[in-house]
Number of protein chains: 2
Amino acid sequence: MNNIEILIVDDEVQIRKMLTITLQSNDYKVSEAINAKEAIIKAANHPPELILLDLGLPDESGHIVLQKLREWYSKPIIILSAHSSEEDIVTALDNGANDYLVKPFRTGELLARIRSVLRSSNQEDENPILYFGELQIDLSARIVKKNDEIIKLTSTEYTLFCLLCKNEGKVLTHHYLLKSIWGPSYVTQSQYLRVFIAQLRKKVEDDPNRPSHILTESGVGYRFV
Amino acid sequence: MNNIEILIVDDEVQIRKMLTITLQSNDYKVSEAINAKEAIIKAANHPPELILLDLGLPDESGHIVLQKLREWYSKPIIILSAHSSEEDIVTALDNGANDYLVKPFRTGELLARIRSVLRSSNQEDENPILYFGELQIDLSARIVKKNDEIIKLTSTEYTLFCLLCKNEGKVLTHHYLLKSIWGPSYVTQSQYLRVFIAQLRKKVEDDPNRPSHILTESGVGYRFV
DNA sequence: ATAAATCTTTATAAAATCTTTACAACTTTA
DNA sequence: TAAAGTTGTAAAGATTTTATAAAGATTTAT
């Protein structure tokens, strides 16, 4: 079970049953509505990740249900309908349906179309932000803040700082840092490291003379806490 | 003309002609490719907003073209195919196609499905106007205003500006910007970017010498705030 | 077909960053 | 504590990156 919930809206019990079995055996969580009224209520009370909507409902046209849902519901809606007229299809798509399948449809195709619309609706990017006391590093935005103010770091400074932060608490050797940032042919250039560590401390530390985050491990390397 | 460009990939001249006329009369800008090789090259050199891809190409299967495109192209691809087998449909959808239409298709339905996938790829249904201080960007109308006055941006300038605005606060690398706007074969042409950033600043910033919105992250890329 | 607009390329000045140097300050060890 | 080895810092010089204008090429509109 992957916890993706799909709401089936259809008045025919055989179709609901068939869809439910198909979807459940493909690890979706299913809920059902048998008419327009119930569809609106169920969608509102417990919004699913996707809605499969029949157009031929007993109490109200599926087109109306679609319009009402789209006033607030922005996740995918796939129309399943016995009507194959171009007018129905165009109307439904322009009212915000993400796809339109004519009954009888093939199960594999339905599942593929479900995967397709879920894929394109779930393109949200997660934003991993690291927090260390007054410091925060937004890796996807490539931004470092101290007390909520942006600190301007050069490309190399940022790379070095990230490497230290990602290995919080660990001692990173001169050798390792030089190899990671400047490449294997620079492992002897310890002076680079000293210059950049000093610059970083000047920007990041409250008192660069008594660093509280970037600590020196004499003879070995540096450690971030 | 709304400047939304669609690439038609089909080896049959009648179909290309029909599609071109249909799309152009609906205000789309059209380019054409007659085989797999040309499709890849044209998409890479000048990425369109949407690709209509025939599966039956003379030099290589459309399935392969789809896979190659999806390695970097993230905008909508709609398959147009004479094959209606479930296997073809499922394969194409799982390879990243956004929709699959069986030939012969109805023109109105094609246009509705194009509108549908473009709508969900732009995801700005809720708030199609972005505000940043004195600037506002109407994504659906493709209009940028500064202090309520329309700023005239060329197509490329607008695409670049949109990309920056949609990722407000994030640093976008040269590589990413070049790949998104000019295609993967232009990732080394940083000078393009500098020229267009300069032009954008001249139009958008109060003082182009001291930009307040489009910031430079030296050695990395640009950031919009 | 011509004019206008836009894109691409080139050249160069300015700015930012990196590298190197010199020396001061600190740590470790005997 | 003194000597030796390490580390920190500032600043000058070298290099890379960026900004900008403008000329040439291409595309688009009339």
Side-chain angles (χ1 to χ4, degrees), chain A residues 142 151-161 164 171-175 177-178 181-183 185-205 207-223, chain B residues 1-5 20 24 27-32 42 45-48 142 151-161 164 171-175 177-178 181-183 185-205 207-223:
Chain A
R142 217 208 84 105
I151 295 178
K152 203 166 153 35
L153 297 183
T154 70
S155 176
T156 313
E157 285 163 9
Y158 178 80
T159 312
L160 174 58
F161 189 56
L164 290 165
V171 179
L172 302 181
T173 63
H174 302 139
H175 187 94
L177 289 168
L178 285 161
I181 294 167
W182 285 274
S185 49
Y186 289 75
V187 289
T188 54
Q189 300 287 320
S190 312
Q191 180 56 20
Y192 280 23
L193 212 46
R194 292 192 199 104
V195 171
F196 278 88
I197 289 283
Q199 274 171 359
L200 259 186
R201 281 176 175 154
K202 212 160 26 171
K203 293 181 177 181
V204 161
E205 299 280 3
D207 180 0
N209 297 320
R210 270 189 240 132
S212 61
H213 284 108
I214 303 170
L215 307 184
T216 302
E217 298 286 335
S218 195
V220 186
Y222 296 92
R223 184 160 56 95
Chain B
M1 186 72 81
N2 56 23
N3 270 324
I4 294 176
E5 187 165 342
T20 301
Q24 280 179 345
D27 284 342
Y28 296 104
K29 202 174 152 190
V30 175
S31 57
E32 301 179 21
K42 288 210 171 178
N45 284 336
H46 192 65
R142 294 188 144 238
I151 294 177
K152 202 167 148 37
L153 296 183
T154 70
S155 174
T156 312
E157 285 164 8
Y158 177 79
T159 312
L160 174 58
F161 191 55
L164 289 165
V171 177
L172 302 182
T173 62
H174 303 136
H175 187 96
L177 290 168
L178 286 161
I181 295 167
W182 285 273
S185 46
Y186 289 77
V187 289
T188 54
Q189 299 288 321
S190 313
Q191 183 56 18
Y192 279 23
L193 212 46
R194 293 195 197 102
V195 172
F196 278 86
I197 288 283
Q199 275 170 358
L200 260 185
R201 280 177 176 153
K202 216 163 16 176
K203 294 181 177 182
V204 161
E205 298 279 3
D207 179 359
N209 296 320
R210 275 192 231 130
S212 61
H213 285 108
I214 302 170
L215 307 185
T216 302
E217 298 285 334
S218 193
V220 186
Y222 295 91
R223 184 161 56 93

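Proteins come first, then strands; the chains are lettered A, B, ... in the order of their sequence lines, and each starts at number 1.
Here A/Lys202 reaches the OP1 or OP2 of D/dA10: one of its side-chain N or O atoms lies under 4.0 Å away. Distances shorter than 4.0 Å separate some side-chain N or O of B/Thr216 from OP1 or OP2 on D/dA19. Distances shown here put every side-chain N or O of A/Tyr222 at or beyond 4.0 Å from the OP1 or OP2 atom of D/dT6.
Nearest heavy-atom pair, B/Ser218 versus A/Ser155, reported as atom, atom and distance to 0.1 Å: O-CB, 4.2 Å.
Taking the side chain as every heavy atom from C-beta outward, B/Leu200 and B/Leu153 approach each other to under 4.5 Å. Residues B/Ile4 and B/Tyr28 meet the side-chain proximity criterion, which asks for heavy atoms closer than 4.5 Å. By the 4.5 Å heavy-atom criterion applied to side chains, A/Phe196 and A/Trp182 are counted as neighbours.
In this structure, CD on A/Gln191 lies 11.0 Å from CG on A/Leu178, to the nearest 0.5 angstrom.
With DNA chain D read from its 5' end, the first of the two nearest nucleotides for A/Asn209 and B/Arg201 is the one closest to A/Asn209.
Residue B/His174 is in sugar-phosphate contact alone, with no base atom involved, counting any heavy-atom pair closer than 4.0 Å across all strands shown.
Here D/dT17 is the nucleotide among D/dT17, D/dA21, D/dT6 with the atom lying nearest to any side-chain atom of B/Arg194.
Remark: A/Arg142 is positioned above the aromatic ring of A/Tyr158, its terminal NZ or CZ atom under 6.0 angstrom from the ring centre and at most 45 degrees off the axis.
Taking atom CG of B/Leu200 as the reference point, atom C1' of D/dA19 lies 14 Å away to the nearest angstrom. Per the geometry, CD1 belonging to B/Ile214 stands 14 Å off C1' belonging to D/dT18, to the nearest Å. In this structure, B/Gln189 places its CD atom 16 Å from C1' of D/dT17, rounding to the nearest Å. Distance, B/Arg223 CZ to D/dT18 C1': 17 Å, rounded to whole Å.
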What one-letter contact string describes nucleotides 12-19 of chain C from 5' to 3', where B marks a base within less than 4.0 Å of any protein heavy atom, S marks contact via sugar-phosphate atoms alone, and - marks no contact? ----SSSS
